[in-house]
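Worth knowing before you read on, the calculation uses all heavy atoms, side chains too, and leaves out hydrogens, waters and symmetry mates. Since the model is a prediction, treat every value here as computed from it, not as a measurement.
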Amino acid sequence: MKNYNRSEILRLAEEEDVEFIRLQFTDMFGMLKNIAIPESRLADAMEEDCIIDLASLDGFSDEENAGLYLKPDLSTFTILPWRPQNGKVARFLCDMCKEDGSEYEVSPRFILKRSIEKAAKMGYVFQLNPECEFFLFHTDENGAPTTLSHERAGYLDTSPIDLGENTRRDIILTLEEMGYEITSSHHEIAAAQHEIDFAFEDALATADKVMTFKMAVRTIARRYGLHATFMPKPRKEANGSGMHLHMRLLKDGKNVFADETGELSREGEAFLAGILEHIAGMTAVFNPLVNSYKRLVPGFEAPSDVTWSKKQRNVLMYVQKRRRGDLNLELRSPDSAANPYLLAALCLEAGLDGIRKGLSAPEELTEDIRRLTCEEKRMRGILSLPENLGNALEAMQKDPLILEVLGESYAIAYQRAKKKEWKSYLEQITAWELDRYLYLV
């Protein structure tokens with residue numbers, strides 16, 4: 001991101017023949033929304049002159065603030081490379097503001113900014129590096145998405161087996177043109193599944209980039225006649241797609257997770273312990289869909305138990321030592337349906353809660369969790385993540401920290417919407433039920 005000022009943006013828009021500008025923001029459930037304006041309105045837009053109607057947005061209901069102003073973050077000004085080069089399209093990511101100019105509390109971006117400010121008062125800077133997984137599927141004759149693919153590639157396979165390699169390459173080139181620093185990409189374990197990894201950046205910049213990343217991936221995939229989906233578990237027989245989150249915490253420019261010997265520091269352990277302490281309550285946000293819990297089952301790589309390790313990678317929290325003495329914490333349960341602003345805010349505040357309380361981590365898991373029986377897990381005191389969205393919402397309601405981080409209004413609206421989603425799911429009669437029970441009972 002660049003520190004543009006108002007006059008620089010006006011000049012750049014004229015030089016680059018920008019004709020339309022998208023004013024984008026993220027809703028409660030992590031969906032990117034926008035208003036498009038002509039270039040003639042650009043100066044007015046930077047003066048926060050565009051209004052959105054809350055009444056028409058899912059999850060938002062506020063009679064006192066029925067209309068909000070969009071405040072562009074000038075550092076997010078980007079020309080979208082996939083749009084026409086004659087009459088280009090640019091975009092801003094925006095904050096939602098009230099009539100008096102203050103930011104709207106029921107806004108994911110504001111919630112993260114508030115958490116970042118709390119960390120700054122303690123002297124910390126939170127940095128993230130997400131691993132974003134997704135599937136590339138065929139579309140049908142009407143252009144509608146399917147779960148079909150002719151591909152049979154597996155982990156780290158290359159062309160000609162990896163049929164999505166060209167699509168993935170174009171996605172990366174597009175992202176780099178937009179200022180992303182991509183560290184790696186590869187084919188994942190499941191057929192038609194891919195992963196692209198970012199470099200470490202401050203939490204707000206990372207969350208912003210995740211939102212833009214998902215838009216870019218879908219757009220480039222469509223060029224190839226494919227549908228890109230971040231659905232956590234689109235195929236029952238294959239691994240689901242996650243968004244593993246690598247974290248580090250800086251103080252005076254130094255990563256406090258590593259001690260002088262390059263091992264996990266006491267501060268790092270307390271941060272890790274804070275996340276484990278609150279993980280059950282955070283799961284309804286980290287795994288926000290009914291479908292998310294089809295991924296969090298034993299046997300498909302994603303963690304289903306509350307564990308940590310320096311040696312075993314298939315745990316919930318993996319302590320990853322890097323060369324040259326650096327170290328980061330990898331949280332492996334979130335999926336890409338999660339709102340990245342809330343994901344970052346909750347991880348940060350749960351970790352800081354652990355530091356403030358001086359929490360100690362539970363016993364480290366030093367063996368493969370898949371070799372332990374349910375009874376052995378119980379004897380060791382190993383807890384499991386919530387098994388479904390309903391259980392996750394109950395756990396969320398019981399954790400005061402989650403309610404504090406999100407704010408009362410946000411938490412109530414989120415709970416209301418997600419409980420409605422869960423109830424709707426429970427009312428469905430699935431093909432599995434009919435196949436299994438119709439002829440038996």
Quick one: sort the His246 and Phe200 rings into parallel, tilted or perpendicular, breaks at 30° and 60°.
->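 Answer is perpendicular, since the angle exceeds 60°.
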Using 30° and 60° as the class limits, which term best fits the ring planes of Tyr155 and His186: parallel, tilted or perpendicular?
->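 Perpendicular: the ring planes of Tyr155 and His186 meet at over 60°.
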Hey, is [atom1] on [X] packed in by over 12 heavy atoms from elsewhere, all under 6.0 Å?
X: Glu181; atom1: CD; result: no
X: Tyr4; atom1: OH; result: yes
X: Glu408; atom1: CD; result: no
X: Arg218; atom1: CZ; result: yes
X: Glu433; atom1: CD; result: yes
X: Glu387; atom1: CD; result: no
X: Met31; atom1: CE; result: no
X: Lys251; atom1: NZ; result: yes

Matching residue for Lys233 among Asp335, Leu296, Asn291 - test: side-chain contact (heavy atoms from CB on, under 4.5 Å) |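 Only match with Lys233 under side-chain contact (heavy atoms from CB on, under 4.5 Å): Asn291.
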Option among Asp208, Thr26, Asn339 that satisfies the side-chain hydrogen bond (donor to acceptor under 3.5 Å, both in side chains) test with Arg109 |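 With Arg109 as partner, side-chain hydrogen bond (donor to acceptor under 3.5 Å, both in side chains) holds for just one option, Asp208.
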Answer yes or no on whether Lys209 is positioned over the face of Phe198, meaning its NZ or CZ is under 6.0 Å from the six-membered ring centre and within 45° of the axis.
->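 Cation-pi check for Lys209 and Phe198: fails.
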Donor-acceptor under 3.5 Å ([X] side chain, [Y] main chain):
X: Ser265; Y: Val256; result: yes
X: Glu269; Y: Ala361; result: yes
X: Thr206; Y: Glu201; result: yes
X: Ser75; Y: Asp73; result: no

Kindly indicate whether the side chain of Glu263, heavy atoms from C-beta on, has any atom under 4.5 Å from the side chain of Lys321.
->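 Heavy-atom side-chain distance check passes, below 4.5 Å.
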Minimum heavy-atom distance between Tyr414 and Ala284, given as atom pair plus value =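 In this case the closest contact between Tyr414 and Ala284 is OH-O, 2.8 Å.
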So Lys418 and Glu421, salt bridge (charged side-chain N to carboxylate O under 4.0 Å, His left out) or not? Walk me through it.
-> CA-CA 5 Å; Lys418 287 298 173 179; Glu421 182 178 337; 2.9 Å; yes
Validation row, ring centre Phe110 to ring centre Tyr104 under 6.0 Å =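 Here the rings of Tyr104 and Phe110 have centres that are no less than 6.0 Å from each other.
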Does the ring centre of Phe213 sit less than 6.0 Å away from the ring centre of Tyr180?
->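 Centroid distance Tyr180-Phe213: not below 6.0 Å, so no.
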Under the side chain to side chain contact (heavy atoms under 4.5 Å, CB included) test, residues paired with Arg436 that sit two or more places apart |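 Trp432.
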